[in-house]
K.L.:
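I'd like to ask some things about the structure below.
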Amino acid sequence: MASSVDEDGREPAMESGESEEGIVVREVCANGVSIKTTEVEAKLDEGNIQEAESSLRDGLSLNSEEARALLGKLEYQRGNLEGALRVFDGIDLQAAIQRLQPCIAEKTPPKKGRSRSDSQPAVSQHAASLVLEAIYLKVKSLQKLGRVTEAADECTSVLDAIEKIFQQGIPDGQVDDRLQETVNQAVELLPELWKQAGCFQEAISAYRRALLNQWNLSNDSYARIQKGFAVFLLYSGVDAGPPSLAVQLEGSYVPKNNLEEAILLLMLLVKECFLGNTKWDPSVMEHLIFALSSCRQTSVLAKQFEEVMPGVYRRVDRWKYLALCYCAAGQNKVALNLLRKTLHKHEQPGDVAALLLAAKICSEDPYLAAEGVEYAQRAMNNCTGDEEHLKGVGLRMLGLCLGKQAKISSSDFERSRLQSEALKSLEAANGLERNNLDLMLELGVQYSEYRNLNAALQYAKKFIDETGGSVLKGWQLLALVLSAQKRFPEAEVVTDAAMDETTKWERGPLLRLKAKLKISQSLHMDAIETYRYLLALVQAQKKSFGPLRIVPQVEDDKLNEFEVWNGLANLYSSLSHWKDAEICLGKAKELKEFSPELLHTEGLMHQGCEKIQEALAAYINALLLEPTYVPCKVLIGAIWSKAGPDALPIARGLLSDALRLDPTNGKAWLYLGVIHRDEGRMADAVDCFQAAAMLEESDPVESFSSIL
């Protein structure tokens with residue numbers, strides 16, 4: 001195969017062909033003259049580099065640097081790396097740069113019908129191309145010989161030389177193709193060399209130099225460098241730090257850490273792919289998925305999937321990816337609608353992963369639980385072959401959905417049946433997945449909600465043992481179970497132990513739990529101090545992470561400043577410290593103006609001040625915001641139960657509805673018992689009072705469901 005020669009015949013090139021005897025003969029061509037390499041190679045084999053150089057210089061009318069460059073290239077192509085290095089070492093790169101720089105600086109844009117004299121800049125470019133290519137081949141030789149640091153230093157000298165020759169940057173479309181190819185290769189190679197040498201800060205500088213300087217790189221080269229740098233930032237474990245101030249433009253966005261810089265690079269790269277400037281690379285999207293998922297910005301990731309051109313992903317796959325993104329972002333309604341499309345009978349109705357995700361989303365909403373049961377059963381029916389191992393997940397989702405469905409059941413018999421089936425499914429799942437810690441925790445919570453506290457306690461202890469106490473939710477469950485058994489001092493010991501095992505920022509839910517344990521023991525001043533400490537922690541956390549987020553995202557700790565102020569308002573209200581309660585309530589309103597929890601607290605304050613009409617109005621407004629908010633239903637029923645015989649049916653209906661939503665609400669059973677007593681149904685009243693007493697004996701300081 002022959003390499004092409006410039007139309008002026010000025011670029012040295014090598015050609016190969018076959019003689020009549022079938023022997024491969026190589027030739028070197030330059031300035032319209034060609035000579036066979038046989039004689040030159042013979043002199044090289046004898047170690048006569050000077051004579052070989054002289055043959056090329058005289059035979060092809062080349063200067064010393066050009067002849068040496070061509071000679072070194074010949075040795076490199078023959079695989080004689082040590083010999084190539086000896087030849088390349090004789091090239092004076094700095095002298096070549098000084099000679100080539102003024103010629104190329106005078107280069108003017110090419111015009112049609114240029115004269116012969118106008119070809120001098122082209123000659124200079126060819127010379128520059130040959131010399132720089134020689135140094136690049138020297139770099140490759142050093143790399144192959146394992147002398148990586150030397151190779152990186154030589155590669156740096158190539159780029160320094162290019163920057164000296166083209167001080168204003170390489171002009172677009174005015175540079176010889178071979179010279180530009182050498183530039184592309186050197187710019188791409190340098191950061192890789194520094195990484196191989198273990199010099200990671202130098203690699204970062206090389207990446208930024210490649211991306212920020214004007215090298216006139218091809219789109220594909222630029223894309224490869226961007227991808228390489230992003231991958232390095234994500235997985236190397238090396239702190240890159242922000243770019244130097246010299247390259248920061250005023251008002252421009254400056255990444256604060258590796259993750260931000262990697263995301264920026266990947267998003268720019270994906271955009272170039274969308275615009276058709278570079279070919280699509282699936283691995284770029286995979287790295288972006290990892291990066292955005294790591295910082296919980298799955299809503300941003302969803303937008304990236306939405307912008308992908310049609311045909312890149314199958315539409316069903318795109319729907320599933322989007323559903324995962326929106327589910328992680330807490331937008332379950334959007335995610336479920338996408339999954340419904342995926343599972344349509346004309347799409348992929350038997351996709352096990354989609355069915356399980358749909359069941360998981362439905363398991364979080366009692367009113368979708370029946371639909372979730374169907375998805376879970378379909379998933380288990382399709383768990384065959386390679387997906388048989390997912391049967392345990394299907395049983396787990398089925399159990400969770402049945403448990404949620406039981407909460408809105410209209411009859412006690414149906415509720416009891418669903419609860420029994422839920423536990424049976426979860427236990428069956430536990431038999432298939434003995435090491436599933438999430439399942440262990442969910443079983444503990446389910447037993448707690450059904451007031452089987454001994455079983456719940458066993459699962460809580462087992463979860464803590466299996467996790468080594470490193471997971472906060474295990475400690476929370478154990479403390480709540482102990483509080484339901486009225487073992488408050490032990491529950492406090494558990495929360496203190498949990499705080500020793502967790503970081504400062506994770507202690508919020510534990511401090512809230514500790515404050516409620518203090519209240520249950522009538523240690524109100526201690527509870528106030530705990531709330532104050534909790535408030536300071538939440539405010540410090542907000543300042544540390546900043547008040548703004550790019551998109552709303554699910555918070556794992558489920559604790560915010562609003563909850564703290566509202567809890568303090570409740571506490572002061574129970575102590576009849578109305579002024580303090582009003583201040584705390586005002587602070588909570590500043591954070592969330594309309595909230596059923598807030599209106600519930602406001603109603604309690606009015607009721608404590610014997611402003612019954614104002615309290616009733618607050619409770620009703622809370623139900624207008626959230627019709628299923630049980631605490632306000634119970635309190636409205638309690639108020640109506642004291643309004644005379646005509647109001648008793650209304651009160652009974654409200655309390656019955658509250659118990660349908662939350663059968664474990666002891667106050668609702670108590671008030672309903674009072675109504676039955678006043679209406680003369682003593683047997684029903686006794687049953688209600690017994691239920692209220694039993695629930696009060698096993699009532700935790702916080703809802704068990706708050707853990708999940």
Side-chain angles (χ1 to χ4, degrees), residues 403 419 423 426 437-502 506-534 557-559 563-564 567-568 570-571 574-575 631 662-670 689-708:
Q419 288 175 350
L423 285 174
L426 289 173
L437 298 176
D438 290 334
L439 179 56
M440 199 180 296
L441 184 70
E442 287 158 359
L443 267 167
V445 172
Q446 291 285 345
Y447 277 118
S448 301
E449 289 185 328
Y450 304 153
R451 295 304 191 266
N452 188 342
L453 297 180
N454 289 330
L457 189 64
Q458 293 303 314
Y459 274 109
K461 289 180 177 178
K462 186 178 179 182
F463 182 85
I464 291 173
D465 289 340
E466 292 290 332
T467 58
S470 61
V471 180
L472 176 66
K473 290 180 178 180
W475 293 106
Q476 286 179 272
L477 177 59
L478 181 58
L480 286 177
V481 171
L482 290 171
S483 74
Q485 294 178 331
K486 307 307 174 190
R487 297 157 64 180
F488 298 118
E490 292 176 62
E492 260 196 86
V493 171
V494 168
T495 56
D496 290 337
M499 281 191 275
D500 291 337
E501 296 292 330
T502 54
E506 295 176 319
R507 292 176 184 169
L510 293 170
L511 286 168
R512 179 183 61 193
L513 182 57
K514 186 172 182 178
K516 291 181 179 180
L517 288 169
K518 295 286 188 185
I519 293 169
S520 298
Q521 298 172 83
S522 299
L523 301 172
H524 297 106
M525 297 312 296
D526 290 347
I528 290 171
E529 284 303 313
T530 304
Y531 264 122
R532 285 175 177 168
Y533 183 76
L534 174 58
D557 57 10
K558 299 181 181 177
L559 182 70
E563 291 182 12
V564 181
L568 268 173
N570 263 314
L571 177 54
S574 67
L575 296 173
D662 182 10
T664 60
N665 192 298
K667 288 185 178 179
W669 285 110
L670 176 63
F689 289 144
Q690 284 180 339
M694 289 174 61
L695 288 169
E696 186 179 2
E697 289 175 2
S698 60
D699 198 27
V701 295
E702 274 187 0
S703 170
F704 290 114
S705 59
S706 65
I707 296 173
L708 298 178

K.L.:
Do the side chains of V471 and L437 get nearer than 4.5 Å, heavy atoms only?
P.N.:
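No, too far: nothing below the 4.5 Å cut-off.
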K.L.:
Out of curiosity, I707 CD1 to W475 CH2, how far, rounded to the nearest 0.5 Å?
P.N.:
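Here the rounded value is 13.5 Å.
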K.L.:
Determine all donor-acceptor pairs shorter than 3.5 Å in which one atom belongs to a side chain in residues 692-700; sequence neighbours excluded.
P.N.:
residue, atom, partner, partner atom, Å
S698, OG, R451, NE, 3.2
S698, OG, M694, O, 3.2

K.L.:
Taking the side chain as every heavy atom from C-beta outward, state whether L477 and V481 have any pair of such atoms under 4.5 Å apart.
P.N.:
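They are in contact (side-chain heavy atoms under 4.5 Å apart), so the answer is yes.
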K.L.:
With heavy-atom distances below 4.5 Å as the criterion, would you say the side chains of Y531 and V564 are in contact?
P.N.:
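Contact flag for Y531/V564 side chains = yes.
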K.L.:
Calculate, to the nearest 0.5 Å, the distance between atoms CG and CD1 belonging to L575 and I519 respectively.
P.N.:
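Rounded to the nearest 0.5 Å, the CG-CD1 separation comes to 8.0 Å.
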K.L.:
Roughly how far, to the nearest 0.5 Å, is CZ of F704 from CG of L480?
P.N.:
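Interatomic distance, L480 CG to F704 CZ, rounded to 0.5 Å: 6.0 Å.
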K.L.:
Which value, rounded to the nearest 0.5 Å, describes the distance between E501 atom CD and L510 atom CG?
P.N.:
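Between E501 CD and L510 CG, I get 11.0 Å after rounding to 0.5 Å.
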K.L.:
Sort and list the pairs that fulfil side-chain hydrogen bond (donor to acceptor under 3.5 Å, both in side chains) and have at least one residue in residues 455-468, not counting sequence neighbours.
P.N.:
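Every pair satisfying side-chain hydrogen bond (donor to acceptor under 3.5 Å, both in side chains) with a residue in residues 455-468: E427-Y459.
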K.L.:
Would K518 and E529 pass as an ion pair if we require N to O under 4.0 Å?
P.N.:
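No, no charged N to carboxylate O under 4.0 Å.
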K.L.:
Rounded to the nearest 0.5 Å, what separates atom CD in E449 from atom CG in D662?
P.N.:
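Separation between the atoms: 9.0 Å.
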K.L.:
Within the side chain of W669, is there an N or O that forms a donor-acceptor pair under 3.5 Å with the backbone of T664?
P.N.:
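Side chain of W669 to backbone of T664, a donor-acceptor pair under 3.5 Å: no, none is there.
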K.L.:
Compare every heavy atom of A479 with every heavy atom of L513, then report the nearest pair and how far apart it is.
P.N.:
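Closest heavy-atom pair between L513 and A479: CD2-CB, 3.6 Å.
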K.L.:
How long is the gap from OG1 on T530 to CE on M525, to the nearest 0.5 Å?
P.N.:
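These two atoms lie 11.0 Å from each other.
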K.L.:
According to the salt bridge (Lys or Arg N to Asp or Glu O under 4.0 Å) rule, which pairs have a member within residues 474-489, sequence neighbours left out?
P.N.:
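Sorted result for residues 474-489: R487-E490.
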K.L.:
Are side-chain heavy atoms of F488 and K516 found at a separation under 4.5 Å?
P.N.:
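Side chain of F488 against side chain of K516, heavy atoms only: no contact under 4.5 Å found.
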K.L.:
For D526, is there an ion pair with K514 - N to carboxylate O distance below 4.0 angstrom?
P.N.:
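Here K514 does not pair with D526 in a salt bridge, since their nearest N and O are not under 4.0 Å apart.
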K.L.:
State whether a side-chain donor-acceptor pair under 3.5 Å links Q476 with E702.
P.N.:
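Absent: no donor and acceptor within the cut-off.
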